[in-house]
Amino acid sequence: MTDILEQITNRDPAQKEFHQAVNEVLESVKPVLDRNPEYRRAAVLERITEPERVIMFRVVWMDDQEQIQVNRGFRVEMNSAIGPYKGGLRFHPSVNLGIIKFLAFEQVFKNSLTTLAMGGGKGGSDFNPKGKSDYEVMRFCQSFMGELYRHIGPNTDVPAGDIGVGAREIGYLFGMYKKLRNEFTGVLTGKSLNWGGSLIRPEATGYGTVYFAAEMLAAADQSLEGKTCLVSGAGNVAQYTVEKILELGGKTLTLSDSSGYIYDEEGIDREKLNWVMELKNIRRGRIREYIEQYPNAAYTEIESGNDFNPLWDHKADCAFPCATENEINEKDAQNLVNNGVRLVAEGANMPSTPEAVNIFVDNKLLYAPGKAANAGGVAVSGLEMAQNSMRLRWPREEVDGRLKHIMKCIHKTCLDASEEYGQPGNYVAGANIAGFVKVVNAMLDQGLV
Ligand code: NDP
Ligand code: 2IT
């Protein structure tokens with residue numbers, strides 16, 4: 001086992017997020033490999049940690065000052081054992097091959113848990129959409145798709161959104177794909193409603209995360225009613241996490257962006273959430289503006305040199321990290337525990353460092369890793385693909401009902417796997433094991449390809 005991690009590290013020493021994601025899965029699946037020696041003989045670990053295909057390309061575009069800009073584009077097609085590659089695109093200056101590989105690797109297990117037939121992939125660019133005009137974003141998306149279109153297709157690889165890629169970017173990307181291929185197909189998900197998108201897709205990741213949290217609480221004879229919640233981020237996932245917390249009777253105290261966070265003791269109610277949605281989605285403003293509108297709240301800058309994030313140092317019952325990877329370190333996790341937090345459900349991908357995860361598990365928190373808790377987003381993407389194939393559109397209640405059912409199934413699958421392998425209630429072990437077994441069995445069925 002350590003030899004596999006060593007091989008991977010030696011091969012690509014700079015890809016630390018990828019090593020982190022692989023290490024967590026390897027730790028969890030040890031008992032599965034002990035029980036099934038044929039997996040080792042079939043070299044499943046070597047195969048599952050090596051992408052089936054990596055595409056890297058140059059993206060050239062012209063900004064509004066007529067300066068030529070050059071970015072790097074990526075698509076990692078990680079595993080197609082159980083379906084076409086599926087996973088989002090991230091546009092953020094921190095994007096590099098290691099980040100996309102970690103996200104694609106996580107996506108394989110997440111998609112496996114959704115009950116739907118989707119393989120795993122992820123892509124993106126180091127392009128920074130912040131502060132760019134709509135025309136700049138459009139020109140970038142067109143140039144990006146000018147290469148990506150060769151590699152994707154409704155039965156091959158179906159990208160969607162992630163950080164920095166929302167409805168606007170999906171629109172521009174789809175328009176260019178359609179023009180180049182002369183085809184109107186479900187090649188991207190997260191499309192707008194009037195041209196092939198699914199109801200509930202924008203809400204799905206946040207709603208699904210809260211449905212998963214509600215399932216964990218129900219299994220412990222509790223509910224979200226009256227619970228106080230810390231939420232990080234202020235983007236797509238954070239917004240709909242807050243919306244569902246409100247609907248289920250909880251109270252959200254915080255939201256953040258990469259500059260700082262707001263703390264609102266009175267709670268973020270419907271009217272305040274609408275204001276945040278307008279701020280972030282239409283005006284594309286910063287969360288610090290919240291305190292100008294709601295002066296009873298407090299804003300704190302997050303200093304990059306700090307060894308802890310003050311957002312996680314408040315009394316609360318639940319925490320929903322919904323911003324980015326490794327946003328909760330060991331000290332933050334200890335602060336959460338000390339402040340009485342008993343549930344952590346990850347809307348973001350890998351937001352907790354391995355040391356933080358150990359603290360949650362050791363303290364017996366209800367802790368749901370991202371690949372289980374935030375799978376609702378890609379699950380409804382899968383439902384969007386199904387609707388596109390049928391050329392039909394399901395009503396809101398139908399999609400929401402299916403999402404709720406899928407989250408319930410994922411919850412049960414994780415608990416069952418954790419019990420089967422002797423770690424009852426450990427959702428990390430459960431998610432990794434259940435996700436892994438389904439994919440690996442499909443790989444064995446399909447031979448050495
Ligand atoms: P958005 O771009 O809509 O929002 C991202 C939010 O996170 C912003 O508030 C952003 O602040 C903040 N953020 C991003 N990077 C950092 C950073 N390095 N440090 C601190 N804050 C940061 O993205 P999403 O809401 O879609 O994605 C959030 C997380 O959820 C990601 O981990 C993503 O992979 C995951 N996810 C998304 C799904 C989806 O369907 N969209 C599905 C499953 C998981 P700022 O504006 O300052 O950058
Ligand atoms: O991390 C994720 O699951 C996503 N960004 C959503 C992927 C998708 O294909 O909807």
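Both ligands and their constituent atoms are indexed starting at 1 by order of listing.
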Which is closest to atom 28 (C) of ligand 1 by heavy-atom distance: Pro93, Ala323, Gly233? Ala323
Are the aromatic ring centres of Phe360 and Tyr367 under 6.0 angstrom apart? yes
Basic-acidic side-chain contact under 4.0 Å: Asp162, Arg90: yes
Taking atom OH of Tyr135 as the centre, does the number of heavy atoms from other residues, nucleotides or ligands within less than 6.0 Å exceed 12? no
List the closest protein heavy-atom neighbour of atom 6 (C) of ligand 2: residue, atom name, distance to the nearest 0.1 Å. Arg201 NH2, 3.6 Å
Contact region, Glu106 to ligand 2, non-hydrogen atoms below 4.0 Å, reads neither
N-O pairing of Asp257 and Lys280 below 4.0 Å: yes
Shortest protein contact, atom 10 (O) of ligand 2 (heavy atom only): Ser381 OG, 2.5 Å
Shortest protein heavy-atom distance from atom 18 (N) of ligand 1, along with the residue and atom involved: Thr324 CG2, 3.6 Å
Who gets closest to atom 37 (C) of ligand 1 by heavy atom: Ile163, Val165, Val237? Val237
Closest to atom 4 (C) of ligand 2 among protein heavy atoms sits Lys122 NZ, 3.7 Å
Among Lys110, Met385, Lys371, the residue with a heavy atom nearest to atom 3 (O) of ligand 2 is Lys110
Is there a protein heavy atom at a distance of less than 4.0 Å from atom 16 (C) of ligand 1? yes
Salt bridge check: are Asp157 and Lys122 linked by an N-O gap of less than 4.0 Å? no
What residue and heavy atom of the protein are closest to atom 46 (O) of ligand 1, and at what distance? Arg286 NH1, 3.2 Å
Just to confirm my output: which protein heavy-atom neighbour is closest to atom 33 (C) of ligand 1, and how far is it? Asp162 OD1, 3.2 Å
Regarding atom 9 (O) of ligand 1: of the candidates Ala375, Ala234, Pro351, which has the closest heavy atom? Ala234
Identify whether the distance between the nearest side-chain nitrogen and carboxylate oxygen of Arg72 and Glu147 falls below 4.0 Å. no
Closest protein heavy atom (residue, atom, distance) for atom 48 (O) of ligand 1: Lys130 NZ, 2.9 Å
For atom 7 (C) of ligand 2, grab the closest protein heavy atom and report residue, atom and distance to one decimal in Å. Gly88 N, 3.5 Å
Apply ring pair (Phe, Tyr, Trp, His ring centres under 6.0 Å) to residues Phe105 and His19 and explain how you reach the verdict. CA-CA 10 Å; Phe105 184 75; His19 308 151; over 10 Å; no
Please list the nearest protein heavy atom to atom 47 (O) of ligand 1 with its residue and the distance rounded to 0.1 Å. Ser258 OG, 2.4 Å
Aromatic contact between Trp61 and Phe144, with the criterion being ring centroids under 6.0 Å apart: yes or no? no
Residue-level breakdown please: for Asn349 versus ligand 2, do any non-hydrogen atoms fall below 4.0 Å on the side chain, on the backbone, on both, or on neither? side chain
For atom 2 (O) of ligand 1, grab the closest protein heavy atom and report residue, atom and distance to one decimal in Å. Gly164 N, 3.0 Å
Atom 9 (O) of ligand 2 sits nearest the protein heavy atom Lys86 NZ, 2.6 Å
Smallest separation among heavy atoms of Ile262 and Ile287, with atom names: CG2-O, 3.6 Å
contact_flag Gly166 ligand 1 heavy-atom lt 4.0 Å: no
Side chains of Lys371 and Asn432: any donor to acceptor distance under 3.5 Å? yes
Assess Gly370 for proximity to ligand 1: is some non-hydrogen atom of it under 4.0 Å away? no
Closest candidate by heavy atom, reference atom 40 (O) of ligand 1, pool Thr205, Asn309, Asn236: Thr205
Between Met118 and ligand 2, which residue portion shows a heavy-atom distance shorter than 4.0 Å: side chain, backbone, both, or neither? neither
Taking the six-membered ring for Trp and the single ring otherwise, decide whether the centroids of Phe127 and Phe140 are under 6.0 Å apart. yes
Is any NZ, NE, NH1 or NH2 atom of the basic residue among Lys132 and Asp63 found under 4.0 Å from an Asp or Glu carboxylate oxygen of the other? no
Can you tell me how the ring of Phe109 sits relative to the ring of Phe436, calling it parallel under 30°, perpendicular over 60° and tilted otherwise? parallel
Min heavy-atom dist Ala375 to ligand 2 below 4.0 Å: no
Examine ligand 1 and decide if any of its atoms is less than 4.0 Å from a heavy atom belonging to Glu327. no
Can you tell me which residue and heavy atom of the protein come closest to atom 32 (O) of ligand 1, and the distance to 0.1 Å? Asn349 N, 3.2 Å
Tell me: protein heavy atom nearest atom 4 (O) of ligand 1, and distance? Gly235 CA, 3.3 Å
